[in-house]
Amino acid sequence: MDKDSQEQKYFKKALSDFTFEMASGGAIRHLADRGYTVGEIVKMLDFPTPYERVGDLVRKHFLETRVLLLDEPTKEAGPEKYEYVADYDEYGRKSFRKVILEERREVSSCWSEKSFDQKKFGGLSQFLKEKCQINGEAFCYVSCRFGLDLKRDPNGFEDLLSLLEPLERDYIMGIFSERRILYHQLNHRMGKIVVRLYESIGYEGYCYFIKTREKIKL
């Protein structure tokens, strides 16, 4: 490819990304924050947008807001509090603007490691609920290997998804497409997914409770 063709390709991509951001970027992030899955968001957009592109943006947004982490949360910043505000131009067209309410703050963690013991801690659902109440959901994470399982064992991954509710399956498929382990906040949705899989087939992974400095192996 000659230089002019390469520059034209980059220009077209930049223009496409800019158009996509102006038309749908803010709306996608806003809907993701409200708990909609990638599949639901695709159906709600005014402009037809590929599922994969919406998934890429949601995943990137979750990484920026620390709903997802690429690395083990050994030293994490506290959550940035924000909201998206709708603005309208002179023609009535809507866009979303991010407003920061509280900056992130650093929290250090030196883990106390142990394995989850059903007899000692009771049911996993109640255990996670209590830990999230003590630490706050934003300071609780669970390791997720869904992307690895999808690539390494597609049939086994389909069997795993069959144990989940439809919206839970769509949520997993929408954001865990990369072949790597990711760390997801233990919010209500992810907590239900982990408990359902643990009680069905035995979920393998780690839970991280940052304020109490606990790393629990499942």
Side-chain angles (χ1 to χ4, degrees), residues 13 16-71 73 76-88 93-104 128 132 136-150 157 160-161 164-197 205 208 210:
K13 184 180 185 306
S16 174
D17 291 344
F18 175 78
T19 303
F20 172 65
E21 175 62 31
M22 293 300 294
S24 305
I28 291 172
R29 287 186 285 267
H30 176 68
L31 292 170
D33 287 339
R34 291 183 61 188
Y36 291 99
T37 68
V38 171
E40 291 178 306
I41 294 172
V42 169
K43 296 176 182 178
M44 297 171 71
L45 295 177
D46 294 330
F47 300 94
T49 309
Y51 183 96
E52 292 76 14
R53 190 162 196 184
V54 174
D56 287 344
L57 181 56
V58 171
R59 184 167 51 256
K60 179 181 178 182
H61 175 59
F62 281 172
L63 287 169
E64 290 173 348
T65 56
R66 308 187 81 79
V67 172
L68 283 175
L69 300 176
L70 294 175
D71 300 307
E76 289 307 321
E80 177 184 76
K81 295 184 179 180
Y82 64 92
E83 63 181 7
Y84 278 94
V85 177
D87 290 329
Y88 296 86
R93 292 175 298 199
K94 182 169 65 174
S95 61
F96 289 89
R97 174 169 49 88
K98 183 178 180 181
V99 178
I100 305 298
L101 302 178
E102 183 179 326
E103 298 289 344
R104 293 185 181 123
L128 295 181
C132 287
E137 284 186 355
F139 295 93
C140 302
Y141 286 87
V142 62
S143 61
C144 301
R145 51 175 296 121
F146 299 116
L148 287 177
D149 293 339
L150 171 63
F157 183 70
L160 179 147
L161 289 184
L164 302 177
E165 297 293 332
L167 288 180
E168 293 173 339
R169 290 198 296 269
D170 187 35
Y171 185 74
I172 295 299
M173 290 297 296
I175 63 174
F176 291 102
S177 60
E178 290 187 342
R179 189 172 183 171
R180 63 175 301 158
I181 294 176
L182 292 173
Y183 302 84
H184 194 292
Q185 276 184 8
L186 259 172
N187 53 27
H188 180 68
R189 168 180 273 158
M190 186 53 65
K192 286 182 62 178
I193 290 173
V194 170
V195 170
R196 190 186 301 275
L197 294 178
Y208 302 81
I210 295 174

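Checked by atom type and distance alone, the side chain of Arg189 pairs as donor or acceptor with a backbone atom of Gly35 at under 3.5 Å.
A donor-acceptor contact under 3.5 angstrom links the side chains of Arg59 and Ser177, judged on distance only.
Nearest heavy atoms, Leu160 versus Phe146: CD2-CE2, 4.0 Å. Residue Leu186 comes nearest to Cys132 through the heavy atom pair O-SG, 3.5 Å, listed as atom of the first residue, atom of the second, then distance. Between Gln185 and Met190, the shortest heavy-atom distance links the atoms O-CB, 3.6 Å. Minimum heavy-atom separation, Arg66 to Tyr141: O-OH, 2.6 Å. What you find for Asn187 and His184 is that their closest heavy atoms are ND2-CE1, 3.5 Å.
A distance of 13.0 Å separates OG1 in Thr49 from CE in Met44, rounded to the nearest 0.5 Å. Rounding to the nearest 0.5 Å places CG of Leu68 at 14.0 Å from NZ of Lys60. Rounding to the nearest 0.5 angstrom, the gap separating the OH atom in Tyr36 from the CD1 atom in Ile28 is 14.5 Å. Here the OG1-CD1 distance, from Thr37 to Ile172, works out to 11.0 Å after rounding to the nearest 0.5 Å. Atom CD1 of Ile181 and atom SG of Cys144 lie 9.5 Å apart (nearest 0.5 Å). Between Arg179 atom CZ and Arg145 atom CZ the span is 10.5 Å, to the nearest 0.5 Å.
A salt bridge is absent between Lys192 and Glu165: the closest approach of a Lys/Arg side-chain nitrogen to an acidic carboxylate oxygen does not fall below 4.0 angstrom.
When the ring pair (Phe, Tyr, Trp, His ring centres under 6.0 Å) test is applied to Tyr208, the partners found at least two apart in sequence or on another chain are Trp111, Tyr183.
Looking at Val38 and Met173, their side chains never come closer than 4.5 Å, going by heavy atoms from C-beta outward. In this structure, the side chains of Leu31 and Glu40 stay at 4.5 Å or more apart for every pair of heavy atoms. Side-chain atoms of Leu57 and Val54, non-hydrogen and from C-beta on, never get closer than 4.5 Å to each other.
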Practice prompt. With side chain to side chain contact (heavy atoms under 4.5 Å, CB included) as the test, would you mind laying out the steps for Phe176 and Leu182 before giving the verdict?
Written response: CA-CA 8 Å; Phe176 291 102; Leu182 292 173; 3.9 Å; yes
